[in-house]
Amino acid sequence: DTGVSQDPRHKITKRGQNVTFRCDPISEHNRLYWYRQTLGQGPEFLTYFQNEAQLEKSRLLSDRFSAERPKGSFSTLEIQRTEQGDSAMYLCASRPSQRGHTQYFGPGTRLTVL
Amino acid sequence: AQSVTQLGSHVSVSEGALVLLRCNYSSSVPPYLFWYVQYPNQGLQLLLKYTSAATLVKGINGFEAEFKKSETSFHLTKPSAHMSDAAEYFCAVSDSDDKIIFGKGTRLHILP
């Protein structure tokens with residue numbers, strides 16, 4: 001069990017640029033989640049997948065944000081035309097789909113928008 | 001709508017003293033309740049989870065939490081603090097294992 005991995009761990013970009021983050025869940029975990037954590041706050045739910053299907057999206061996920069999980073394994077989160085307010089830690093989590101299993105979190109990708 | 005309120009953004013205790021981190025929740029359905037810990041530059045680690053099986057929930061690292069429906073509380077305790085317990089702690093609520101609503105967190109400082 002290698003745990004949930006995220007890449008990159010840190011990303012610094014200029015306002016207006018596009019960025020993409022990757023999450024590799026624990027093997028055989030059907031459900032995959034994205035959260036955003038800003039400084040001094042708890043994580044906020046963004047979206048989640050059951051295999052390749054995106055089941056729920058938060059209102060926080062504006063049109064500039066898109067998440068995919070094309071083959072039901074790894075997932076990507078893309079932010080277009082980044083803004084300074086997008087600076088945050090982006091956390092990924094995964095779990096088996098059966099009821100009762102909790103989410104395991106990755107180390108996160110810290111985004112800084114200059 | 002579900003929500004969580006953590007009382008105190010910073011809590012300091014002496015090494016060996018009781019740790020008490022307070023959490024109150026709001027939920028219209030029987031909730032799942034969680035405590036997570038986050039060490040610097042790391043992801044969240046689950047300490048414990050309440051799912052209605054027992055009101056006193058024991059977790060890892062000597063932590064436990066008691067679900068009190070009448071008080072809508074789920075406070076986290078540990079009898080004796082260690083230096084290694086210094087971290088940020090998040091209380092969270094959910095009506096399933098999917099969309100988890102987190103509190104703002106409490107940073108625990110351990111004084112030597």
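Per chain, numbering begins at 1; letters A, B, ... match sequence-line order.
- Side-chain heavy-atom separations under 4.5 angstrom define the hydrophobic clusters, and Leu7(B) shares its cluster with no other residue.
- A heavy-atom distance below 4.5 Å is not found between the side chains of Leu60(A) and Phe45(A).
- Of the two parts of Gln6(B), neither the backbone nor the side chain holds a non-hydrogen atom closer than 4.5 Å to a non-hydrogen atom of chain A.
- For Leu46(B), the part lying under 4.5 angstrom from a heavy atom of chain A is the side chain only.
- To the nearest 0.5 Å, atom OG of residue Ser73(A) and atom NE2 of residue His29(A) are 14.0 Å apart.
- No chain of hydrophobic side-chain contacts below 4.5 Å, direct or via other Ile, Leu, Val, Met, Phe, Trp or Tyr residues, connects Leu111(A) to Leu39(A).
- Heavy-atom neighbours of chain A within the stretch residues 65-76 of chain B, taken at a separation under 4.5 angstrom, are nonexistent.
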- Derivation and outcome, side-chain hydrogen bond (donor to acceptor under 3.5 Å, both in side chains), residues Gln50(A) and Arg31(A): CA-CA 5 Å; Gln50(A) 165 76 19; Arg31(A) 297 210 169 177; 2.6 Å; yes
- Between Thr47(A) and Gln54(A), does a side-chain hydrogen bond (donor to acceptor under 3.5 Å, both in side chains) hold up when you go through it step by step? CA-CA 7 Å; Thr47(A) 187; Gln54(A) 190 171 18; 2.7 Å; yes
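- Applying a 4.5 Å heavy-atom cutoff, the residues of residues 102-112 of chain B that approach chain A are Phe102(B), Gly103(B), Lys104(B).
- You'll find the side chain of Asp95(B) stays beyond 4.5 Å of the side chain of Tyr32(B), heavy atoms only.
- Inspection of the Arg110(A) and Tyr90(A) side chains reveals no N or O donor paired with an N or O acceptor under 3.5 Å.
- Take Ser9(B) and apply the side chain to side chain contact (heavy atoms under 4.5 Å, CB included) test, not counting sequence neighbours, and it matches no residue.
- Heavy atoms of Gln6(A) lying under 4.5 Å from chain B are absent altogether.
- Nearest approach of Ser87(A) to Thr38(A), heavy atoms of both residues: O-CG2, 4.1 Å.
- With a 4.5 angstrom heavy-atom cutoff, Gln103(A) touches chain B via backbone and side-chain atoms both.
- Looking at Lys49(B), the atoms closer than 4.5 Å to chain A (heavy atoms on both sides) all sit in the side chain, from C-beta outward.
- For the pair Gln38(B) and Ala87(B), the tightest heavy-atom approach, listed with the atom from each and the gap, is O-CB, 3.6 Å.
- Counting heavy-atom pairs under 4.5 Å between each of Cys92(A), Gly108(A), Pro43(A), Gly42(A) and chain B puts Pro43(A) at the top.
- Looking at heavy atoms from C-beta onward, Tyr33(A) lies in side-chain contact with Asp98(B) at the 4.5 angstrom threshold.
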